[in-house]
Every structure is written in structure tokens, then in C-alpha cells.
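Chain naming here is simple, since letters A, B, ... match the order of the sequence lines and numbering starts at 1 in each. Quick caveat: nothing in here was measured; it's all calculated off a predicted structure.
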There are 2 protein chains.
Amino acid sequence: MNWVSELQTSGLKISFRIKKVLYRKRSGYQLIEVFDTYEFGRMMMLDRKVMLTQRDEFIYHEMIVHPPVALLGGIKNVLVIGGGDGGTVRELLKYSPERITLVEIDRFVVDASKKFFPEMGKVLDNPVVDIVFEDGAEFVKKIEDRYDLVIVDSTDPVGPGEVLFSEEFISDIFRITDVVAGQTESPFLHREMIAQYHKGLKKFFKNIVFYTANIPTYPSGIWSFTIGVNFEPVIKVKRSFQYYTPEVFECAKNIPPAFRIDA
Amino acid sequence: MNWVSELQTSGLKISFRIKKVLYRKRSGYQLIEVFDTYEFGRMMMLDRKVMLTQRDEFIYHEMIVHPPVALLGGIKNVLVIGGGDGGTVRELLKYSPERITLVEIDRFVVDASKKFFPEMGKVLDNPVVDIVFEDGAEFVKKIEDRYDLVIVDSTDPVGPGEVLFSEEFISDIFRITDVVAGQTESPFLHREMIAQYHKGLKKFFKNIVFYTANIPTYPSGIWSFTIGVNFEPVIKVKRSFQYYTPEVFECAKNIPPAFRIDA
């Protein structure tokens, strides 16, 4: 039996039984691997951290996209930082936006997704999607356009994703949008990092919306997302999906005391 | 580095870094082990399944006790099936009941908890607690007393815990109480088992309350609980703890579509 493991920041190790290594590439930024697992379908790992599995990726992608869109009421022009697998774009396309700009640092993530996760990767060929292969932090420094929504679909704040949690990055994002949404790690494991990020976000955005989702293959099984928004955050669209519903979103903001973040 | 692993029903393997094996006993029922881990404090495993860790046991124990008590408004006479570690009793004692009867099949679980988890095990010495070392299914067959509340704090429905999910057991419970609460495994992984249990419960109890909690060290990180109740299930007590609050309980019933159970 072959196993592939992620050594999590919790100190726990989570191991998947794999049938086959489908792809392995050391890009200029990270080690990209795609495995065929027994129980979770195909899985992509970056630097041996689980990015997605076919069995539960819908939870992450629904919960990073539908809450901020619900607050906006609709989208025309969206910027996605990271997210080269295409899952976030797939969810955004459900609202028929005019344009999605995806800024992914690592073109090999896009290549691997198109080949091994066509249910996500193929949407990146949609004509409304512009892909820019560049460092997201560099991109937002120089851009002049404004966006309805910026989604930061980053890796963990170590390695190439680190800069996407910095105050400098937040200030650049603030210049180009009124709504920024991003994944913010585990409220059980990464509490200081989340507090730090919220502190930065509060310096610029009027309101912060913090919520969680159950993602079985991520460390601790509970994951958080944070939206910075410059208007009153009320739900304006009532659509439901496999995990996300407006009620699930309302409830996902109701954090148990032990998981709350004071920033 | 020493690791100890649970091979989960998902096919995933979760491994803890351990400092030391504190206890290991093959009782007549199961293999009981207590480990000192690096990141989760002490951990008890039964047949190499994680039962509890000091770092996150409060979530399980709060969420198996406070929801049914909230629906009752108070408790006088409670029966706990399983739960020999004492965590459930610890939470029940916060409501000053007159009597708690704990029916644990395996006296070595109680011994291990008293010695290695005094924050749970020591409450079992409280004079309102009667401990009966017996098979819970046998106990409820012959008992004549009625209870305000029965809590089924069982292991997984394999091994000694299996019978506690059967329809026969439910019918025996129904004879002695109007409220039964129990852990019902993962809504991501054990969907058929939950559907089966709900089907059985619905034959006897008027209402079913199904809710979830995030338990980082249990398979998939999301766990479910089910209450069978013969009156209208509304919250009558407003107390909050580390994980449980009345609002968290309300929201814990709001299950994402993908995790809902049709029975």
C-alpha cells in the first residue's frame, strides 16, 4: 500500500492511500503533485500540502466565492489572486460576470489542473477569463483598474503565499476594490495569523465578515474565510449550492467562543 | 520520532507525534491506550481509534450534553450509556442534577481516565454519580426507572458500540425516557449509518434534532449528534460554554445540503 502524507502545522500527519502518482513537477515556486487516491479521487498537493481533492473541493470553492457575491448582489469584473486550479473561477462563472482576471504565479498549476482536474481547469478556457502569470502582490501594486470583488485564493502563508497576508498587500487591494474575500486558514490552529490579518484588514475596510466551513481534508477539518467590505454586509442574493446556502453562510458567521478571533 | 496512527473509516490515516505511551491494556472488550502527544496533550484511543485528546475533548462533551439539556430546561435524573472517561458527566454536573447513572461496559476505561485524565475522571467520584459496569444494551432492557434524559456516549458502531445503534436498543430507550441524545458519527463519511439510525429513532420519537460540531481529531473533522425528543424541541436554557452557545446550537442544526441526511 502506498501512502502520501501531509505533515500539518498542527503536528498531525494526514495520509492518503494512493493508487498512482499522476504528475510531479518542481516549478520555480513549489513542488506540484497530482495523485490518484483511493477514497478522495484525484488530489493536488503543493509542497506536500493538500490543495484540493475531487471529493471535497466543492466546499472550499463554494465558500470562498458565494458569500462575497451574496453581499454584492452580482458581479461584473472580478480579480482572482492565485486559484490557478480554476475551482474559484468555476463558481464565479455561475453569476455570468463580464470579466474575470486570474493572476496565478505558477503556470504549471494551471497546466496540471487543465490536464487532471478538467471539471475545474477547463473553465479557464472560457473567453471571459484572462489569465495573467505573475506574482499577485506585484500585479496589484501597478494595476489601475477597479474590481467589484477581489478573491485571494492563496496557498498557506508560507512560501509563495506569504506576501498575500501582509498589510502592504491589503493596502494595494483596498485601492482597487470595496470587497476582498480570502481563505484565512484554520481557526483552531492558526489563530495568531488570522488575528494579524484581521488587524491589517480593519485598518482599511469598514467591515469584516469572518466565517468558517468544514473541509475534511484541510488541517483540523475546520477552515476560515474573511471578507473585508466597505458597505453594510447583508445578503442580497438567495442561491443555494451543494454546501453553500444563504442560511449556511449566516450560520457560518456564528463562531463558537473557542474559535473566535480577537483582533 | 514516534507516531501513533488511526486508520480512519474514510481510508485516511491520521498520525500523532507521541512523547510516551502512558497506558496500554487489552481489556475483555477492547485495546485501551493512553498516549502523551506533542500537540494535543494526552490522548485516549480505543482499538486504535481516537476517543479524546485533552486539546479538543471539550467540543465533543459540550455538544453531546448542552443541546439536550437546553431542550429540557434542566435535569434531575440522567442515564449515560458509555462515557466512562467522565467528560459527559463533567458537563452534566454543571446543571446540578440529583442523580447520574453511568453504565460503562469496560471498567478499565474508567480506571485509565481517573489516572490519566483527572479533569474528567475525577468527577466520577462525585456522590451523585452511580457507576454500573455493565453492557448498556442489557442494562436498559431490564431497568424500570424513568430518566429525564438518556445520553448514548458510545464508541463507533463497530465492536462493543455496535448494538447501541440498533432499533431494539432504541425501543428499550424509548420505554425509559422522552429525550435521548447521542453521537452519530461523521455526516461526511458515515451517511448510511446515520440514515439507518434516524429511521429507527423516528419509529419511536416524535421529533429528531440533528446537528454537527467541528472536532479536529475525529475523522473528517465534522461530527454529528442526534436527539430524539417527544416534545417540541425549543431551547429553554441560555448558558454558554467554550464551544456551545444557544446560537451555536441553533446554527449547528443548519446542515449544508451535501451533509444532510434523508431518512
Side-chain angles (χ1 to χ4, degrees), chain A residues 1 3-19 37-40 43 50 53 55-56 58-59 62-63 186-189 211-224 240-260, chain B residues 1 3-18 37-40 43 50 53 55-56 58-59 62-63 66 186-189 211-224 240-260:
Chain A
M1 187 65 70
W3 294 89
V4 62
S5 300
E6 170 178 350
L7 180 56
Q8 301 179 337
T9 40
S10 62
L12 284 186
K13 195 165 67 178
I14 186 171
S15 310
F16 295 78
R17 298 195 303 157
I18 60 164
K19 293 178 190 171
T37 76
Y38 275 90
E39 286 88 3
F40 286 78
M43 169 170 69
V50 177
T53 79
R55 186 161 166 200
D56 70 348
F58 70 96
I59 304 173
E62 287 187 11
M63 290 301 278
S186 163
F188 182 75
L189 299 171
Y211 60 100
T212 65
N214 304 108
I215 304 181
T217 57
Y218 280 9
S220 82
I222 177 167
W223 212 246
S224 78
S240 291
F241 301 91
Q242 289 182 79
Y243 185 96
Y244 174 93
T245 70
E247 297 73 31
V248 164
F249 174 36
E250 277 300 344
C251 276
K253 293 185 274 179
N254 205 319
I255 314 278
F259 291 171
R260 287 176 198 159
Chain B
M1 188 63 71
W3 294 88
V4 61
S5 299
E6 170 178 351
L7 180 56
Q8 302 179 335
T9 40
S10 62
L12 283 186
K13 195 166 67 179
I14 187 171
S15 310
F16 295 78
R17 297 196 303 157
I18 60 163
T37 76
Y38 276 90
E39 286 88 4
F40 286 78
M43 169 170 70
V50 177
T53 79
R55 187 160 166 201
D56 70 349
F58 71 96
I59 304 173
E62 287 187 11
M63 291 301 279
H66 301 303
S186 161
F188 183 75
L189 299 171
Y211 59 100
T212 64
N214 304 109
I215 304 182
T217 58
Y218 280 9
S220 82
I222 177 165
W223 212 246
S224 79
S240 292
F241 301 91
Q242 289 181 79
Y243 186 96
Y244 175 93
T245 71
E247 297 74 30
V248 163
F249 174 37
E250 277 300 343
C251 276
K253 293 185 275 179
N254 203 320
I255 315 277
F259 291 172
R260 288 177 197 160

Contact leader toward chain A among B:N254, B:L189, B:T245, where contacts are heavy-atom pairs under 4.5 Å: B:N254
For chain B, the option from A:P219, A:S5, A:S186, A:C251 that forms the most heavy-atom pairs under 4.5 Å: A:C251
Among A:I14, A:I59, A:D56, residue most engaged with chain B (heavy-atom pairs, under 4.5 Å): A:I14
Region of A:I255 in contact with chain B, defined by heavy-atom distances below 4.5 Å: backbone
Pairing residues for A:K253 by the side-chain contact (heavy atoms from CB on, under 4.5 Å) criterion, not counting sequence neighbours: A:V209, A:Y211, A:F249, A:E250
A:Y218 versus chain B, the contacting section by heavy-atom distance below 4.5 Å: neither
B:F188 portion near chain A, given a 4.5 angstrom heavy-atom threshold: both
Separation of B:W223 CH2 from A:N214 CG (nearest 0.5 Å): 13.0 Å
Choice from A:A213, A:A258, A:P257 maximising heavy atom contacts with chain B below 4.5 Å: A:P257
Closest-packed option against chain B by number of heavy-atom pairs under 4.5 Å, given A:L12, A:L7, A:I222: A:L12
Interatomic distance, B:K13 atom NZ to A:K13 atom NZ [nearest 0.5 angstrom]: 7.0 Å
By side-chain contact (heavy atoms from CB on, under 4.5 Å) - contacts of B:P256 (at least two apart): A:Y243, A:V248, B:F259
Residue selection (most heavy-atom pairs with chain A, distance under 4.5 Å) from B:F40, B:Y38, B:Y244: B:F40
Heavy-atom proximity to chain B below 4.5 Å, by part of A:F16: both
